[in-house]
Number of protein chains: 2
Amino acid sequence: MTDQSPPEKPPSSLPRLGEIGLTNYAPYLMNRIMGRYNASLRDEMAGLGLTTPKMRALAVLSVIEGPLIRELAVYSVVEQSTLSRALDQLAGEGLVRREADASDSRATRVFITEAGRTAFETLWPRMAEAHARMFRGIPDEERRAFVGTLQKMLTNIRKHEI
Amino acid sequence: MTDQSPPEKPPSSLPRLGEIGLTNYAPYLMNRIMGRYNASLRDEMAGLGLTTPKMRALAVLSVIEGPLIRELAVYSVVEQSTLSRALDQLAGEGLVRREADASDSRATRVFITEAGRTAFETLWPRMAEAHARMFRGIPDEERRAFVGTLQKMLTNIRKHEI
DNA sequence: CAGATTTAAATGCATTTGCAAATATCCCTG
DNA sequence: CAGGGATATTTGCAAATGCATTTAAATCTG
């Protein structure tokens with residue numbers, strides 16, 4: 001072996017954030033976008049006595065029937081302790097109902113009530129509007145590809161659960 | 001004109017969330033993904049005395065030179081009052097420096113210090129790692145398209161500012 | 001099958017958050 | 001150029017958050 005080996009790759013060639021640029025960095029863009037999406041929804045919901053955790057729980061419950069509370073926490077992206085208190089309120093308002101799990105008496109399942117469905121139905125058009133604004137001018141094909149990538153990303157970041 | 005007009009389109013044909021499905025709904029997926037991304041970063045940063053607002057401010061300041069505080073709030077997706085307090089801490093730790101704006105004495109510009117840059121450099125590999133995990137197995141071409149869509153979305157949701 | 005370990009959910013408590021108000025300065029209009 | 005509104009930032013304070021603990025029940029292990 002001679003001295004004339006090819007030049008080493010630099011020890012750490014991790015590109016810097018400044019080199020990538022904020023607006024080419026996906027997590028940054030996603031935080032910016034969701035920050036505004038969530039803030040604008042929060043403002044609209046405030047008038048209806050709904051907080052972000054309550055709104056998210058309702059949204060998930062409109063789709064998923066009777067999940068455990070810890071599952072609902074994952075699906076709705078809310079800390080379990082925060083969710084527990086949000087459910088107190090939602091139950092107090094008659095929008096959801098807690099029900100002991102049949103086979104595990106530690107566990108509680110949560111169901112949306114008819115009133116809860118009605119509440120979500122008044123709320124959904126606002127969410128749909130915010131969604132439409134986000135995707136304004138983006139062709140269907142591109143939207144589908146985008147959602148496809150998001151789905152791959154979700155499986156990537158999941159720990160191993162739900 | 002006869003009675004036999006074609007059947008009316010239903011009054012409101014807004015598709016329901018249940019019809020779309022949670023995992024086909026972009027805002028839901030984005031909240032799930034960023035929820036976990038942010039949570040895992042937050043856990044890692046906690047040991048270094050960095051909160052999410054402090055970390056975000058540092059990250060932006062590593063790229064943008066001397067923004068106004070209100071600009072930094074937008075860029076780093078942090079409420080301005082929260083940012084104000086985060087900057088108190090960062091300044092106390094010598095990681096940033098506030099400087100009165102030359103032409104507007106109401107305004108303050110924020111600069112990262114050398115110590116701040118060093119701090120961010122120890123933090124950046126963790127962010128890059130979380131980013132890499134998110135995009136694992138997703139080809140370059142798809143990543144580029146994804147970021148392109150995000151950029152369009154960002155311009156869509158911006159009010160009119162920054 | 002008793003004891004140790006894990007898991008589900010709720011709760012106590014200190015911290016963080018964000019709205020609204022306060023303060024200081026700037027800019028526009030008559 | 002004075003006065004009224006707009007803008008930049010900070011701060012007071014009540015509410016929300018999340019970590020750690022508690023309680024209760026299930027599951028594992030020797």
Side-chain angles (χ1 to χ4, degrees), chain A residues 31 35-36 38-47 49-57 61 66-92 96-111 159-162, chain B residues 31 35-36 38-47 49-57 61 66-92 96-111 159-162:
Chain A
N31 269 326
R36 206 185 282 305
N38 290 324
S40 82
L41 270 187
R42 179 160 36 80
D43 293 349
E44 293 205 66
M45 298 313 153
L50 283 173
T51 60
T52 299
K54 287 167 75 179
M55 176 185 72
R56 289 187 180 179
L61 290 170
L68 297 178
I69 289 181
R70 84 184 154 75
E71 293 169 342
L72 183 56
V74 175
Y75 288 132
S76 48
V77 195
V78 173
E79 274 292 313
Q80 199 245 306
S81 60
T82 302
L83 178 61
S84 177
R85 285 180 265 246
L87 291 175
D88 289 346
Q89 293 184 42
L90 288 170
V96 308
R97 178 170 44 80
R98 281 183 172 99
E99 199 168 295
D101 183 74
S103 68
D104 183 342
S105 61
R106 292 169 305 180
T108 306
R109 298 192 170 274
V110 188
F111 297 85
K159 301 227 156 132
H160 34 65
E161 357 87 16
I162 309 192
Chain B
N31 270 326
R36 207 185 282 302
N38 290 324
S40 82
L41 270 187
R42 179 160 38 79
D43 292 350
E44 293 205 67
M45 298 312 152
L50 284 172
T51 60
T52 298
K54 288 167 74 179
M55 176 185 71
R56 289 187 180 179
L61 290 170
L68 297 178
I69 289 181
R70 83 183 155 76
E71 293 169 341
L72 183 57
V74 175
Y75 287 132
S76 49
V77 196
V78 174
E79 274 293 313
Q80 187 177 308
S81 60
T82 303
L83 177 62
S84 178
R85 285 180 265 246
L87 291 175
D88 288 347
Q89 293 183 43
L90 288 169
V96 308
R97 177 170 43 82
R98 282 183 174 100
E99 200 168 295
D101 183 75
S103 68
D104 184 343
S105 62
R106 293 168 304 180
T108 305
R109 296 191 172 275
V110 188
F111 297 85
K159 301 227 154 131
H160 34 66
E161 358 87 17
I162 310 193

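Because only heavy atoms are used, hydrogens play no part in the values below, and waters and symmetry mates are left out as well, while side chains stay in.
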- [ ] Let me have a per-nucleotide readout for nucleotides 12-21 of chain C, 5' to 3', with B, S or -, counting only protein heavy atoms under 4.0 Å.
- [x] BB---SBB--
For the pair made of [atom1] in [X] and [atom2] in [N], what is the distance, rounded to whole Å?
X      : N      : atom1 : atom2 : result
A/D88  : D/dA16 : CG    : P     : 13 Å
A/K54  : D/dT17 : NZ    : P     : 11 Å
A/D101 : C/dA8  : CG    : P     : 11 Å
A/Q80  : D/dT21 : CD    : P     : 16 Å
A/L83  : C/dA8  : CG    : P     : 14 Å
B/D104 : D/dT9  : CG    : C1'   : 11 Å

Open item on the list: At less than 4.0 Å, is any side-chain N or O atom of A/S105 found next to OP1 or OP2 of D/dA24? Yes or no.
Closed with: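 Result: no.
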State, yes or no, whether a side-chain contact exists between [X] and [Y] at a heavy-atom distance under 4.5 Å.
X      : Y     : result
B/V110 : B/E99 : no
B/I69  : B/R98 : yes
B/L41  : B/M55 : yes

Roughly how far, to the nearest 0.5 Å, is [atom2] of [Y] from [atom1] of [X]?
X     : Y     : atom1 : atom2 : answer
A/R85 : A/E79 : CZ    : CD    : 10.5 Å
A/N38 : A/T52 : CG    : OG1   : 6.5 Å
B/D88 : B/L83 : CG    : CG    : 9.5 Å

TODO: Select base, sugar-phosphate, or nothing to describe what A/R98 touches, counting heavy atoms under 4.0 Å on all strands.
DONE: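 Answer is sugar-phosphate: A/R98 comes under 4.0 Å of backbone atoms only.
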- [ ] Kindly give the heavy-atom pair with the smallest separation between A/P67 and A/L72, and that separation in Å.
- [x]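 Here A/P67 and A/L72 meet closest at CG-CB, 4.1 Å.
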Open item on the list: Taking the minimum atom-to-atom distance to the side chain of A/I69, which one of D/dT10, D/dA8, C/dA9 wins?
Closed with: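 From the listed options, C/dA9 comes nearest.
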Dump the pairs, protein N or O against N or O of nucleotides 1-7 of chain C, anything under 3.5 Å, distances to one decimal.
{"unit_1": "C/dT7", "atom_1": "O2", "unit_2": "A/R106", "atom_2": "NH1", "d": "2.7"}

TODO: Check side-chain hydrogen bond (donor to acceptor under 3.5 Å, both in side chains) between A/D101 and all other residues, then give those that pass, not counting sequence neighbours.
DONE: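 Per chain and number, A/D101 pairs via side-chain hydrogen bond (donor to acceptor under 3.5 Å, both in side chains) with A/S103, A/R109.
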